[in-house]
Amino acid sequence: MELEHRIEELEIRIAHQEYALQSQGEELLRLQQANTRLTRQLLELSERVQALAAQPASDPADEPPPPHY
């Protein structure tokens with residue numbers, strides 16, 4: 001009986017470890033997908049900032065005066 005009990009306990013522990021590993025794998029996949037998405041967004045924003053920086057700044061003197069003048 002003692003041997004059967006020990007084997008049952010080991011099987012339970014293995015089942016818990018398999019579940020934990022599967023959960024960790026799923027979470028790792030979600031984090032990798034989020035990282036890929038955020039990296040893509042960061043690159044897009046970086047390109048937008050570079051495009052804006054490359055545009056010449058408008059001179060405030062060229063703008064018409066506000067209507068209250």
Side-chain angles (χ1 to χ4, degrees):
M1 273 312 211
E2 177 65 27
L3 183 59
E4 288 178 16
H5 178 71
R6 289 177 61 193
I7 290 173
E8 183 179 331
E9 287 295 319
L10 289 172
E11 288 175 341
I12 291 170
R13 291 173 79 182
I14 289 172
H16 285 292
Q17 288 178 350
E18 287 175 344
Y19 175 77
L21 282 173
Q22 181 181 359
S23 297
Q24 287 176 350
E26 291 169 357
E27 184 63 22
L28 180 60
L29 177 62
R30 281 192 290 271
L31 289 171
Q32 287 172 335
Q33 291 170 339
N35 186 26
T36 300
R37 186 173 54 253
L38 290 171
T39 300
R40 190 176 310 122
Q41 290 175 345
L42 180 61
L43 288 173
E44 290 173 6
L45 288 173
S46 177
E47 290 171 359
R48 287 184 188 180
V49 167
Q50 288 177 358
L52 288 173
Q55 293 178 353
S58 62
D59 186 5
D62 294 339
E63 294 183 15
H68 62 275
Y69 278 107

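Note that the structure is a prediction, hence the values are computed from the model and not measured. The first residue of the sequence shown is numbered 1, and numbering continues consecutively from there.
- The stretch residues 31-45 participates, sequence neighbours left out, in no salt bridge (charged side-chain N to carboxylate O under 4.0 Å, His left out) pair at all.
- For the pairing with Gln33, the side-chain contact (heavy atoms from CB on, under 4.5 Å) check across Leu31, Thr36, Leu29 returns one residue only, Leu29.
- For the atom pair Glu47 CD and Leu43 CG, the distance stands at 6.5 Å (nearest 0.5 Å).
- Shown here are the side chain to side chain donor-acceptor pair (under 3.5 Å) partners of Glu27, two or more places apart in sequence or in another chain: Arg30.
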Under 3.5 Å, sequence neighbours excluded: what are the donor-acceptor pairs made by side chains of residues 6-26?
unit_1, atom_1, unit_2, atom_2, d
Gln22, NE2, Glu26, OE2, 3.3
Ser23, OG, Tyr19, O, 3.0

